[in-house]
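All remarks here apply to the structure that follows.
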Amino acid sequence: MCGIIGVENNDNAAVLASAGLLTLQHRGEESAGITISGKEKMKTFKAMGLVSRIFNEEILLNKLPGTAAVGHVRYTTSAKSSLTNAQPFQINCIHGNIAVAHNGNITNFLKIKQMLLRKGAIFNHTSDTEILLHLIAMAKGNLANIVASSLRKLEGAFSLVILKDKTLIGARDEHGFRPLVLGKIESSYIISSESAAIEVIGGTYIRDIKPGEIVVIENGQIKKSFLYKKTKKQNTCIFEQVYFSRPDSITFGKTVKEARVKMGEYLANQMKNVKADIVMPVPDTGYFAALGFSRTSNILFENGFVRNHYVGRSFIKPSQNLRDLTARLKLRPIHEVVKGKEIILVDDSIVRGTTSKRLVNILREAGAKKIHFALSCPPIIGSCYYGIDTPSKDHLIAANNSIEEMRKYLGADSLTFLSLENLVKACSCADKKEKVFCTSCFTGKYPTIISRNTYKEDY
Ligand code: AMP
């Protein structure tokens with residue numbers, strides 16, 4: 001998963017882009033980068049690690065002069081997480097200097113790459129985004145047409161920000177899998193994965209970039225916005241609301257916090273017969289669903305975990321021992337809260353099951369009497385091909401076990417998943433009646449053709 005941001009017509013473009021990236025840090029902790037243009041020659045600065053470690057005052061103010069910027073934070077967990085794959089990608093081609101930052105997964109990457117290799121193209125990265133650069137470089141016409149004709153060749157999930165000189169372009173795939181929003185701060189437009197990144201820098205959220213839309217912005221003006229591909233059916237990723245997006249963002253027209261509270265309310269209705277002393281969230285994602293649960297069930301809301309925010313993903317590595325240590329460092333139960341209690345433990349999702357099993361263990365050690373595990377989404381039975389780094393089906397616990405088998409494995413007293421119907425209701429906007437979500441990770445039914453050649457980044 002990744003986060004992207006674009007800023008134009010602003011003397012503080014690099015500073016605003018880095019503040020935006022900090023707000024989007026949860027979408028990718030592996031590497032971060034900013035490309036700047038508009039004053040001097042286009043320049044990219046990127047490195048592995050967290051935004052706050054990469055961008056300091058000296059770099060932002062002295063090394064990145066310009067009025068337009070695109071930025072990217074990247075999340076992977078594999079060996080492929082290298083500086084060469086860090087974005088934005090900047091190229092120099094017949095059309096000049098162009099930079100691209102991408103969130104998503106281009107599913108026909110392998111097919112297009114083969115075609116490009118046969119034409120003599122040279123690849124420097126292993127990332128799917130690189131094919132877009134080749135397509136752009138080979139296309140003819142003005143900037144908007146070049147981008148449009150290139151994007152028409154792509155399948156799968158892509159929310160993009162593209163930079164050339166002072167021109168900023170935002171574009172989304174025809175399904176609208178990943179979010180992308182437009183905002184404004186004074187006379188500058190901002191494009192971001194999430195609205196929170198626009199508001200943090202003092203801007204105002206205007207609207208979502210539509211599925212299949214390209215928006216071309218220059219000098220504080222929208223020069224052009226058009227649908228380069230007609231949307232047959234919108235398929236926005238419902239897992240953004242469940243887990244990925246920040247609760248203070250408006251994703252797909254609804255505040256994520258509001259959707260999560262609703263998920264908790266519906267869960268409470270599903271679990272009317274379960275008695276407990278307290279409802280407890282798994283921080284941070286379980287927080288609002290637990291709040292909704294507590295309000296509906298009238299069971300006391302308690303914070304029984306303290307989360308250590310300084311334990312990064314990078315700490316999780318080699319042996320089982322170290323992994324356990326990481327889990328213990330990350331979340332520590334408050335014994336006084338949980339001891340002797342019947343607990344409804346609310347988390348967002350179970351992927352492999354390892355985190356949930358550890359959580360149950362930790363709570364038992366702290367003296368919890370009963371643990372009723374409640375999840376604010378259905379069992380995940382299908383891998384994601386559209387940009388969420390869920391593992392292959394073999395590693396998805398729910399794809400290979402019944403709910404009772406999972407309950408036993410976790411060691412919980414009961415295990416309840418929010419039904420798909422309730423999840424869709426919780427995430428839907430009142431004014432939208434048609435089904436607009438991609439729910440393939442819960443149904444195994446994909447909105448695009450998935451075959452052996454479908455590209456999925458190998459996490
Ligand atoms: P596990 O079941 O051990 O794989 O971990 C599930 C937990 O990881 C959930 O509670 C989420 O908070 C978090 N999670 C869910 N999806 C993802 C994802 N795609 N990448 C990283 N963490 C995730």
Side-chain angles (χ1 to χ4, degrees), residues 1-3 24-30 73-78 81 103-105 157 177-178 193 237-247 256 260 263-264 267 280-290 305 307 309 311-317 320 323-324 326-328 330-331 345-363 371 373-401 403 405-407 409-412 415-418 423 438-442 456-459:
M1 185 50 90
C2 303
L24 299 173
Q25 186 77 82
H26 61 286
R27 300 183 71 88
E29 297 179 359
E30 210 74 21
V73 283
R74 183 165 195 257
Y75 174 79
T76 56
T77 56
S78 75
S81 147
N103 173 207
N105 203 44
F177 283 113
R178 307 260 71 90
S193 294
C237 168
I238 206 162
F239 206 64
E240 287 278 347
Q241 257 105 339
V242 172
Y243 173 71
F244 234 92
S245 291
R246 283 172 61 118
V256 174
R260 288 187 187 161
M263 290 171 208
L267 250 184
M280 222 176 97
V282 176
D284 292 327
T285 328
Y287 185 88
F288 289 107
F305 276 122
R307 182 175 166 189
H309 288 266
V311 187
R313 284 191 204 283
S314 49
F315 192 71
I316 317 165
K317 289 272 136 80
Q320 186 61 32
R323 261 184 231 127
D324 285 345
T326 308
R328 280 170 202 286
K330 235 178 196 172
L331 283 181
L345 183 66
V346 183
D347 201 359
D348 56 277
S349 60
I350 296 183
V351 184
R352 291 180 175 84
T354 38
T355 314
S356 317
K357 190 177 170 63
R358 280 191 201 111
L359 290 174
V360 172
N361 245 333
I362 291 173
L363 287 180
I371 300 160
F373 217 120
L375 285 310
S376 59
C377 73
I380 298 177
I381 58 158
S383 198
C384 178
Y385 292 86
Y386 311 118
I388 300 255
D389 57 318
T390 36
S392 67
K393 216 170 161 172
D394 307 346
H395 295 102
L396 292 171
I397 185 171
N400 303 292
N401 293 279
I403 294 189
E405 283 166 338
M406 281 192 271
R407 183 198 68 75
Y409 170 77
L410 302 178
L415 177 63
T416 310
F417 291 89
L418 183 66
L423 175 63
C438 174
T439 55
S440 55
C441 53
F442 307 125
K456 173 175 165 60
E457 200 165 343
D458 184 11
Y459 299 96

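In listed order, ligands and their atoms are each counted from 1.
- For Ser356, no nitrogen or oxygen atom sits less than 3.5 Å from a nitrogen or oxygen atom of ligand 1, counting backbone and side chain alike.
- Distances between N or O atoms of Ile388 and those of ligand 1 include no value under 3.5 Å.
- Residue Gly353 has at least one heavy-atom neighbour below 4.0 Å for each of these atoms of ligand 1: 1 (P), 2 (O), 3 (O), 4 (O).
- Heavy atoms of Asp347 found under 4.0 angstrom from ligand 1 belong exclusively to the side chain.
- Where the criterion is an N or O separation shorter than 3.5 Å, residue side chain and backbone included, Ser349 meets it with respect to ligand 1.
- The shortest side-chain heavy-atom distance between Tyr386 and Cys438 falls under the 4.5 Å cut-off.
- With a 4.0 Å heavy-atom cut-off, ligand 1 is reached by no atom of Ile397.
- For ligand 1, the atoms sitting less than 4.0 Å from at least one non-hydrogen atom of Arg352 are 1 (P), 2 (O), 4 (O), numbered in the order shown with element in parentheses.
- A distance of 11.5 Å separates OG in Ser356 from CD1 in Ile371, rounded to the nearest 0.5 Å.
- Of the N or O atoms in Ile350, none lie within a sub-3.5 Å distance of an N or O in ligand 1.
- Considering CZ of Phe417 and CZ of Phe442, their distance stands at 10.0 Å, rounded to 0.5 Å.
- From Asp347, atom CG reaches atom OH of Tyr287 across 15.5 Å, with rounding to the nearest 0.5 Å.
- You'll find the side chain of Cys2 reaches within 4.5 Å of the side chain of Arg74, heavy atoms only.
- Note that the CZ atom of Phe239 and the OG1 atom of Thr390 stand 7.5 Å from one another [nearest 0.5 Å].
- Checked by distance only, ligand 1 and Asp389 come closer than 3.5 Å through their nitrogen or oxygen atoms.
- In this structure, the side chain of Asp348 does not engage the main chain of Cys377 through any donor-acceptor pair within 3.5 Å.
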